[in-house]
Structure formats: C-alpha cells, structure tokens
Number of protein chains: 2
Amino acid sequence: MPRWKPGAVDRLQTAALELFDEQGFERTTVAEIVQRAGLTQRTFFNHFADKREVLFGLSSELQREIIGEIAAADAALPPLEVVMRALGAVADKLLEHRRAVVAHRYAVIAANPELMERELGKNAALTDAIAAALRERGGDADAAYLAASVAMLAEQVAFRAWTRPDETRALRDLLQDALHAVRTTVDAADRPLPA
Amino acid sequence: MPRWKPGAVDRLQTAALELFDEQGFERTTVAEIVQRAGLTQRTFFNHFADKREVLFGLSSELQREIIGEIAAADAALPPLEVVMRALGAVADKLLEHRRAVVAHRYAVIAANPELMERELGKNAALTDAIAAALRERGGDADAAYLAASVAMLAEQVAFRAWTRPDETRALRDLLQDALHAVRTTVDAADRPLPA
DNA sequence: GTCATGATTACACAAGATGCAATCACTTCA
DNA sequence: TGAAGTGATTGCATCTTGTGTAATCATGAC
C-alpha cells in the first residue's frame, strides 16, 4: 500500500475552500484545514507559500496558456488585438465550461480584502507577463504595457459580469462588449484638461 | 511637561521608511521600528492595522480630495472627464510639489511584493470610491465603474512615468498623455473577435 | 539487495497581530 | 480646589502564520 494517501494538494484545496465557505477566510486556521485534509501544517506550507495561495491554483495554468496564445499569434495584428484574441481563446478553453466552480471561488475571494489583494497581485503579474510576451514579438515597451493593461481591464469587467448569477452570455462575448464599452467611454472624454 | 513626546505617528512613519530603505521591508521587524521611534509594539499596532499600513498614510487624504473634486464637478460633463479633471486637480494640489518624497516611497513599495499588493488594494478601493461618487451624480453603475477604471489606468500609467528619475513633465500632463495613449490603443483594436 | 529520491512529519522558534487591563498627564466641571 | 473622566501609551499573555532543519520511510532505479 502507498505510504500516503495520494492527492495531498487537492485535499488541501478542497478542505480550505469548504472551510472558507463555511466560516470565512479569517476565522479559518491552517490547523483546521490540515486536520480536515488529514495532513500536517508543515505539509500545507510545503505546498503553498502562504494561507491565501491555496485558493489560486488555477492562475499559473491560465497565465501559461495566455502567454502561449500570444507567442503563437499572427505577427501583423496590433498588440491589443493579439491579447484580446488570446484571452478569448483561453476563456473558451479553460473557463467557460466551469463557470459555477470558478464563480464560486471568486465569490470567496471577493468576500475578503486579503484575498482580494492577492487576486489583484495575480492580475498585475499577469499584466506584466502579457506585456513581456508582447515585447517578445517586437514593439515598444510602453505600447506593450498599455495593450496588456487595457486588455486586462476588459477581462476584469467581463469577468465580473460573467460571475453574476443571472448572466448567461459567454465570457468571450462579454470580453468583446467590455472592450467596446471602454472605447465608447474613452472616446467621449479624451480632450485637453482645462487649466 | 507633556507625558509623551508628540508626533508618535510621524515618528513611526519616518523610522519605518528609513529602515525599509536601509535593509528592506521583510528584513525589518516592527520591534526595530518602534525602538527607533521610542515607542512600543503595542502602540505601533494601535496606529496601524498592520506592518504595511505604515507606508500608506497619504492614500486616505488623496481619496478624500478626489471624491470632493468629483462631487463639486460640472454636472454636464461625461463621467470619465469628471474623474480626469479631479485627478489632475489633486495631482497639482497634493503630489506635484513633493515628487521626490512620493517617488521615494513608491520605490520602496515597488521593491516588495507584499507592499505592492497593498498598493493595488488601495488603488482598487479608490476606484470603487470614485465609481460610487460618480453614481451619486446620477448615471449608470456600469458606466461609472468603467469611467473610474479607465481613469485609474491612466493615473497608473502617468504615475509610473512621473516617478522615473529622468521625467520632468508634470503629472497632470502625463495624465493627459496617458488617456490619449489609451484611446489610440483601443481604437486600433476594437473590432469583433474571430470565431 | 542496495541506494537515492522525495513527500511527509516532528520540533523549535521568529515575527505579526489582538484582547484586556493598567497607567497617568491633561482637561472638564462642579 | 479637587474629583472625575479622557485618551494615548504600555505590559503581558496568547494566538496564528510562516520558516529552518533534520528525521522518516515507501517507492523506484540500478
């Protein structure tokens, strides 16, 4: 028989999500999580850098896919369009078919400021990674960062809509709408500031 | 004579900034900070919710001013323009004349991921506050959030430029440039995604 | 059969953070 | 004048997160 039950990471993630759901993030201790998962505290911190990280297993996979899409993109497209296509493709591939579980986890994150800070940090890291991938294709560094930032803004707006219970459209379509809404907003206000 | 030396908060902020500068945020303990400031740990945590918060004294003041500007704005202007004017005014009033110290503090923040997460959290909170202030003026909630987000993106782009050592333009002008750059970026890419 | 690997564990400990009660100069007000 | 209340600071105990280090021992390679 195996020395340990397999799937330690999964068990920790599941136990943590359950407990955060039941009693909130702050009122849940790592001791409780590892007890439910049948492991020790030291093992928890071997797998996750800190208590928050247990909720963010998906982000590295997402980032890898997005960067891959950008690297494979048509060299002639403008940077923002490259990123929008990449986000759309990854939405279809990794997010769309598990809306319920993704939305559930996001609800837990949004309910706690510490977790929200981590979420924002992940988004910022992804923005930087996208900008770096755009620079790989050649092009101005500032333009790359700007395209990455605008795309991530659209992604965020779309994601917030997508996780609302009454929303039925696909994330890809919401993404398109969000970018268009950004354009409308900006076009109406880009004129010189008064002195 | 007074029972305690006045300016406890100031002394803590100054000591913390010095120490973070000298040896980094992580390698500085609260014990060291309070020792330099001539106070106790308990007092530190009476004034600041956690160790990071000691660096963010300016944010609440900034937020108050920005919200005030928005509340006093011309009712006929489009939301994004309202926010851009408010950010420009507050940049002139609170930021422009102390570029060196603001840039210095930002450098300390940017050097540490934990502090950067807090910075992102503050920006997100400010975005939400701006959106709420726009809603006060009447108008769609989504449009308010969008205008707030776009303005904060421009602010962030402008701020990053403004804190570069070789940059000499005023934050207000960089803000204007940033919004225009956003517009150019978006206009070039807002068309339907391919299936 | 021996050996290296690697996930898990035990233990000790630093550091951050909180609750609670005590101190005592200063202010208020009868 | 003096009694009472205020509020910033402190001391102490305690909980929780996070880390360094060494030990354990099934598994797989050779």
Side-chain angles (χ1 to χ4, degrees), chain A residues 1-20 22-57 60 108-109 111-119 121-122, chain B residues 1-20 22-57 60 108-109 111-119 121-122:
Chain A
M1 80 181 83
R3 184 167 180 194
W4 296 288
K5 264 198 294 186
V9 170
D10 272 353
R11 268 147 57 216
L12 288 169
Q13 287 171 329
T14 303
L17 185 58
E18 285 173 7
L19 285 163
F20 295 165
E22 293 168 14
Q23 48 188 357
F25 174 79
E26 290 183 77
R27 274 181 302 283
T28 301
T29 66
V30 174
E32 294 176 281
I33 297 170
V34 299
Q35 188 193 0
R36 183 170 293 199
L39 292 163
T40 67
Q41 289 208 31
R42 198 61 188 80
T43 299
F44 181 95
F45 288 111
N46 283 342
H47 288 290
F48 306 106
D50 58 48
K51 185 181 159 191
R52 309 178 217 175
E53 205 57 25
V54 71
L55 277 178
F56 293 87
S60 59
V108 173
I109 292 170
N112 181 274
E114 285 181 69
L115 291 171
M116 207 58 206
E117 281 189 358
R118 174 58 48 85
E119 168 83 4
K122 297 282 187 189
Chain B
M1 81 181 83
R3 184 166 180 197
W4 297 288
K5 267 199 293 186
V9 169
D10 272 353
R11 268 149 54 219
L12 289 168
Q13 288 170 331
T14 302
L17 185 58
E18 286 173 8
L19 285 163
F20 295 164
E22 293 168 14
Q23 47 188 355
F25 175 79
E26 290 183 80
R27 273 180 303 282
T28 302
T29 66
V30 175
E32 294 176 281
I33 297 170
V34 298
Q35 187 191 2
R36 183 170 295 199
L39 293 163
T40 66
Q41 290 209 32
R42 198 63 190 82
T43 299
F44 181 95
F45 288 109
N46 283 341
H47 289 290
F48 306 106
D50 57 50
K51 186 181 157 190
R52 309 179 213 174
E53 205 58 24
V54 71
L55 278 178
F56 293 87
S60 58
V108 172
I109 291 169
N112 181 275
E114 284 181 68
L115 291 171
M116 207 57 206
E117 281 189 359
R118 175 58 49 84
E119 168 81 6
K122 295 283 186 192

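All of these numbers come straight from a predicted model, not from anything done at the bench.
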Inset, instruction - Could you check A49(B) against W4(B) and say which one's nearest nucleotide on DNA chain C is further toward the 5' end? - result: A49(B)

Inset, instruction - Just compare dG18(D), dT8(C), dT10(D) and give me whichever is closest to any side-chain atom of D50(A). - result: dG18(D)

Inset, instruction - Would you mind checking if E53(B) and K122(B) are paired as a salt bridge, meaning a charged N to carboxylate O distance below 4.0 Å? - result: yes

Legend entry - Length of the CG-P vector between D10(B) and dA8(D), whole Å: 15 Å

Legend entry - Interatomic distance, Q41(B) CD vs dG11(D) P [rounded to whole Å]: 11 Å

Legend entry - Whether over 12 other heavy atoms sit under 6.0 Å from Q23(A) CD: yes

Inset, instruction - Would you mind reading off the distance between E32(A) atom CD and dC15(D) atom C1', rounded to a whole angstrom? - result: 13 Å

Legend entry - Side chain of T29(A) (C-beta onward), nearest among dT16(D), dT10(D), dG6(C): dT16(D)

Inset, instruction - Consider the side chain of T43(B), meaning its heavy atoms from C-beta on, and name the nucleotide among dT9(D), dT17(D), dG6(C) that approaches it most closely. - result: dT9(D)

Inset, instruction - Select one nucleotide: of dT9(D), dT17(D), dG16(C), the one nearest the side-chain heavy atoms of A8(B). - result: dT9(D)

Legend entry - Length of the line joining K5(B):NZ and dT10(D):C1', which is rounded to integer Å: 16 Å

Legend entry - Exercise: identify the closest heavy-atom pair between Q41(B) and V30(B): OE1-CG1, 4.1 Å

Inset, instruction - Ignoring backbone atoms, establish whether H47(B) has a side-chain N or O less than 4.0 Å from OP1 or OP2 of dT9(D). - result: yes

Inset, instruction - State whether the number of non-hydrogen atoms from other residues, nucleotides or ligands found under 6.0 Å of Q35(B) atom CD is greater than 12. - result: no

Inset, instruction - Check every atom of dA8(D), dA17(C), dT17(D) against the side chain of K51(A) and return the nucleotide holding the closest atom. - result: dT17(D)

Legend entry - Atom pair distance, as rounded to whole Å: CD in E26(A) and C1' in dT17(D): 13 Å

Legend entry - Rounded distance in Å - CG (L39(B)) to C1' (dG11(D)): 14 Å

Inset, instruction - Starting from P on dG16(C), measure out to CZ on R27(B) and report it in whole angstrom. - result: 13 Å

Legend entry - R42(A), nearest nucleotide to its side chain (from dT21(D), dG16(C), dG18(D)): dT21(D)

Inset, instruction - Give a yes or no answer on whether the side chain of E117(A) reaches the backbone of E114(A) with a donor-acceptor pair at less than 3.5 Å. - result: no

Inset, instruction - Quickly work out the N46(A) CG to dG18(D) P distance and round it to whole Å. - result: 13 Å

